[in-house]
Every structure is written in structure tokens, then in C-alpha cells.
Amino acid sequence: MNKILKWTATVAATAVVLGAAGPAMAKTIKFGMNAPQGDNPEWNALTAFKDHVEYKTEGDITVQLFPSAQLGAERACAEQVQQGAVEVCLVDTGALAGFYNDIQVLSIPYLFKSSAHAWAVFDSPFFKDLAENMRQDTGIRVMSWGENGFRDFTNNVRPIRSPEDLKGLKIRVMESPVFIRFVESFGAAATPMPGSEIIMAAKQGVIDGQENPAQVNYDYNLMDVQKYMSTDEHILGVHAYIINDDFFNGLSDDEKAVVLEAATLAADIENTQKLAGAKKYIDLIREKGVEVHMTSMAEKAAFAEVSQEPVLEYLREQVGEDLVQSLLDASASYEPALYGR
């Protein structure tokens, strides 16, 4: 009987060892974002990420998508990625400033001349270094960078074609020192408030105008309370596809390659669909009776001349002269390619 018991114990132990050496357990990525489910660039990007990862890993990694801030608003989602409670999130870089102060440098007004210019700079050594420094400081890894839309001015008083047209207007801004300084540089009154209060504030005359990307202006019905819009594209919102670094390091090399490839695919889809959809949203806004001024490159240069330095002064105090200058240099180095030079 003792021999039988010993043989049984040996077989059981062997089974445990063999089991441990067998195929790895399936992994799950919880992927959160603010945007809703539907035919929009963010959702299409996330579904592409999910399909690519599950296809390439043959189901060894499952991706669960959580749109509409189901895992919390962007800052809360980013916190959960840092803590490891959530694996991946798509967030605007503004939501990361509380974790990594240097990310504020991306708010320089009129930094990018176009979407294509921004995409080129996203692939530059500057963005790679910024991502690596943030990973070391926070445990949050940026897999890829995407476009979250250029921000434009709207208002109820007059068309905005030059910096002087903003003088005296009450403009709603995000509760951000960068945006407050930016708007005040034109002689306008910056009025910080949550986005959810814009429509009521405009109806009551608390604000004359606001600034947001065209897609947001239309989808959130902000153009129902505005008469004029200018496509000055003053600040580009930047999206970061972030992943918990410990989770990433726990993947095999093949899995890491697949996940990074999927993040690049997602960013490319978001970028191209946002740019391709720009005309659609301008047309829809015009159909609401809003007068839209298409801001020229020369006009943007005039806005930049007035507003850039006050913001740069603030950012130099926050993140340092060297980081600010490095980004300005990186941006400038990619400009000639815009014009075929």
C-alpha cells in the first residue's frame, strides 16, 4: 500500500511540473477610453487593436474594450494603468500631466503646421525620449502617439480672422494654466470651466466663445449656441496609447511585438480617419448656419507671433528651457518636408 501511495504522489508531482511547463495561460487586456462605441476614429482604432492582437496571438491574448469612460474618465483610467488594475488606455496627454509634469510641453500653441507635420514629429527621437523618461518615472509605457484633433475658436460676437478679433471676448477654456495664458495673450478673458457647462454658459452670456476640435464642436452640440468658427488649429490634442509597463514586460517577445504593432495600427487608423473626417465636420457645422473662416497659414503665423511666447515662458518655468527648446527644434526640423524640400 505504501508503494502505491508513493507512486501516486510521484505521478501527481510530475503532472504539476509538466503542467507548469506547458502552454502559458491566456492573457487579458482591458482597454479603456472616453469616446463612445460607434463609427468614430477612436472606436475604429480600438477594434483594430483588438482584432490584430487576437488574430496574431491566436487567442492567447484577449482584448476587452471599454468605451464611454466605463473604466473611469481619462485621468482615472491612466491611474489604473499605473496601478496595474487596467492594462491599456487611450488618453489625451493632458490627463497624464498629474503623473508626468514634462508632458505639458506638448501644449505649445501653433507648434504643428498640419496633421502630417505632427505625425512626422510623433516618430522623432524627441517623442521616443519623452516616452522613455515617462516610463522610467511612472511605470506607464506609451506604445504609440495619435492625433486628438486641432482645437479651433468659436464665438457669438464676430468672425476671428486676426489676433485683434479676440480682444475683449470671454472665451471658455479648460482648467489649465497653459490655456489660460494662451487666451489671455490675445487680450481675451479666459473663463475656465468644465466642458459640460459650455452650452448653458453661452446661452446665459457668461461666455462669448470657446475652443475645441471640430468633431467635439459638432458631436457635443456646441455649435447650437455659436455663430462663428475659425479653423486656426491653435493646439493639437495628442493621444497616448498607454500600457502598464509591468504587464508589458510579462509578455513574451513575440507578444510584445504584436501588441506594439497593434498600437501603431490603431494610431494610424485614428490619425487618418480624423484628417479624412475634417471636411465632414466642417460641412456639418456649416449646415447649422455657423459662419466658418478657413484660417490661412499666414494668419496662423500672426496668431503664433502673439501667443507663443507667453505660453513658452510658462512652460520653461514648469519643464525647463532644454526640453522646450528640444521640442521646438524637433518640430522645425520636420517643416521643410511639408513643402517638398
Side-chain angles (χ1 to χ4, degrees), residues 19-35 37 41-103 106 122-123 127-148 238-271:
M25 291 182 64
K27 303 178 180 72
T28 299
I29 291 176
K30 296 185 291 296
F31 196 151
M33 71 166 183
N34 261 20
Q37 180 175 346
E42 290 87 351
W43 177 253
N44 294 336
L46 263 66
T47 55
F49 179 95
K50 170 183 170 68
D51 291 345
H52 190 76
V53 169
E54 293 180 348
Y55 158 62
K56 284 281 192 172
T57 65
E58 297 186 281
D60 286 344
I61 300 179
T62 300
V63 181
Q64 299 174 349
L65 303 181
F66 296 88
S68 302
Q70 293 176 33
L71 301 180
E74 289 187 335
R75 179 180 172 85
C77 197
E79 287 176 347
Q80 292 179 80
V81 168
Q82 186 180 40
Q83 295 161 1
V86 172
E87 288 73 33
V88 177
C89 275
L90 173 61
V91 298
D92 188 273
T93 52
L96 298 173
F99 309 92
Y100 184 62
N101 188 57
D102 286 358
I103 206 81
L106 302 182
F122 289 168
D123 286 333
F127 269 80
K128 290 180 174 62
D129 290 344
L130 190 72
E132 175 58 17
N133 289 335
M134 189 176 82
R135 184 193 68 80
Q136 292 180 11
D137 285 358
T138 68
I140 297 173
R141 176 185 290 265
V142 177
M143 298 184 290
S144 60
W145 305 93
E147 176 181 332
N148 194 20
V238 179
H239 263 156
Y241 290 77
I242 60 173
I243 187 169
N244 175 272
D245 197 43
D246 287 339
F247 174 82
F248 180 82
N249 288 327
L251 301 175
S252 69
D253 285 348
D254 286 350
E255 290 169 340
K256 288 175 182 176
V258 168
V259 168
L260 291 176
E261 184 178 50
T264 299
L265 172 65
D268 287 346
I269 288 172
E270 182 185 18
N271 289 345

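Numbers here are sequence positions counted from 1. Keep in mind that this is a model prediction, so the values were computed, not measured.
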For [Y], does its backbone N or O pair with a side-chain atom of [X] as donor and acceptor, under 3.5 Å?
X: Asn244; Y: Val81; answer: yes
X: Asp245; Y: Arg141; answer: no
X: Gln37; Y: Pro67; answer: no

Exercise for the section: Before giving the answer on side chain to side chain contact (heavy atoms under 4.5 Å, CB included), spell out for Val259 and Tyr241 the whole-Å C-alpha distance, their side-chain angles and the decisive distance to 0.1 Å. Expected result: CA-CA 11 Å; Val259 168; Tyr241 290 77; over 6 Å; no
Would you name the heavy atoms of [X] and [Y] that are closest together and state the gap between them?
X: Cys77; Y: Gly72; result: CB-O, 4.1 Å
X: Val86; Y: Cys89; result: CG1-SG, 4.0 Å
X: His239; Y: Asp92; result: CD2-N, 3.6 Å
X: Leu96; Y: Ala240; result: CD1-CB, 4.1 Å
X: Trp145; Y: Ile103; result: CH2-CD1, 4.1 Å
X: Ala48; Y: Ile269; result: CB-CD1, 3.3 Å

Practice task
Decide yes or no on side chain to side chain contact (heavy atoms under 4.5 Å, CB included) for Leu71 and Met33, but give the supporting numbers first.
Solution key: CA-CA 8 Å; Leu71 301 180; Met33 71 166 183; over 6 Å; no
Practice task
Mark yes when over 12 heavy atoms from residues, nucleotides or ligands other than Gln136 sit less than 6.0 Å from its CD; otherwise mark no.
Solution key: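 Result for CD/Gln136: enclosed.
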Just so I know, are the side chains of [X] and [Y] near enough to count as touching, which here means a heavy-atom distance under 4.5 Å?
X: Phe49; Y: Met143; answer: yes
X: Val258; Y: Tyr55; answer: no
X: Glu132; Y: Asp129; answer: no
X: Met134; Y: Asp102; answer: no

At what distance, to the nearest 0.5 angstrom, does [atom1] of [X] lie from [atom2] of [Y]?
X: Lys56; Y: Glu255; atom1: NZ; atom2: CD; answer: 13.5 Å
X: Thr28; Y: Phe247; atom1: OG1; atom2: CZ; answer: 8.0 Å
X: Leu265; Y: Leu260; atom1: CG; atom2: CG; answer: 12.5 Å
X: Phe66; Y: Leu90; atom1: CZ; atom2: CG; answer: 15.0 Å
X: Ile242; Y: Thr138; atom1: CD1; atom2: OG1; answer: 8.0 Å
X: Lys256; Y: Asn249; atom1: NZ; atom2: CG; answer: 5.0 Å

Handout entry: Residues Glu87, Lys27: salt bridge by 4.0 Å N-O rule
Key =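 Lys27 and Glu87: not salt-bridged.
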Practice task
Applying side-chain contact (heavy atoms from CB on, under 4.5 Å) between Glu54 and each of Ile61, Asp60, Ile29, Val63, report the one that passes.
Solution key: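 Between Glu54 and the candidates, side-chain contact (heavy atoms from CB on, under 4.5 Å) is satisfied uniquely by Val63.
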Problem - Result of checking Asn34, Asn148, Thr47 against Glu42 for side-chain contact (heavy atoms from CB on, under 4.5 Å) - result: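 Filter result, single survivor: Asn148.
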Practice task
Given side chain to side chain contact (heavy atoms under 4.5 Å, CB included), test Asn133 with Tyr100 step by step and report yes or no.
Solution key: CA-CA 9 Å; Asn133 289 335; Tyr100 184 62; 3.2 Å; yes
Problem - Axial cation check for Phe99 ring with Arg75, 6.0 Å and 45° limits - result: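 Yes, cation above the ring, under 6.0 Å and within 45°.
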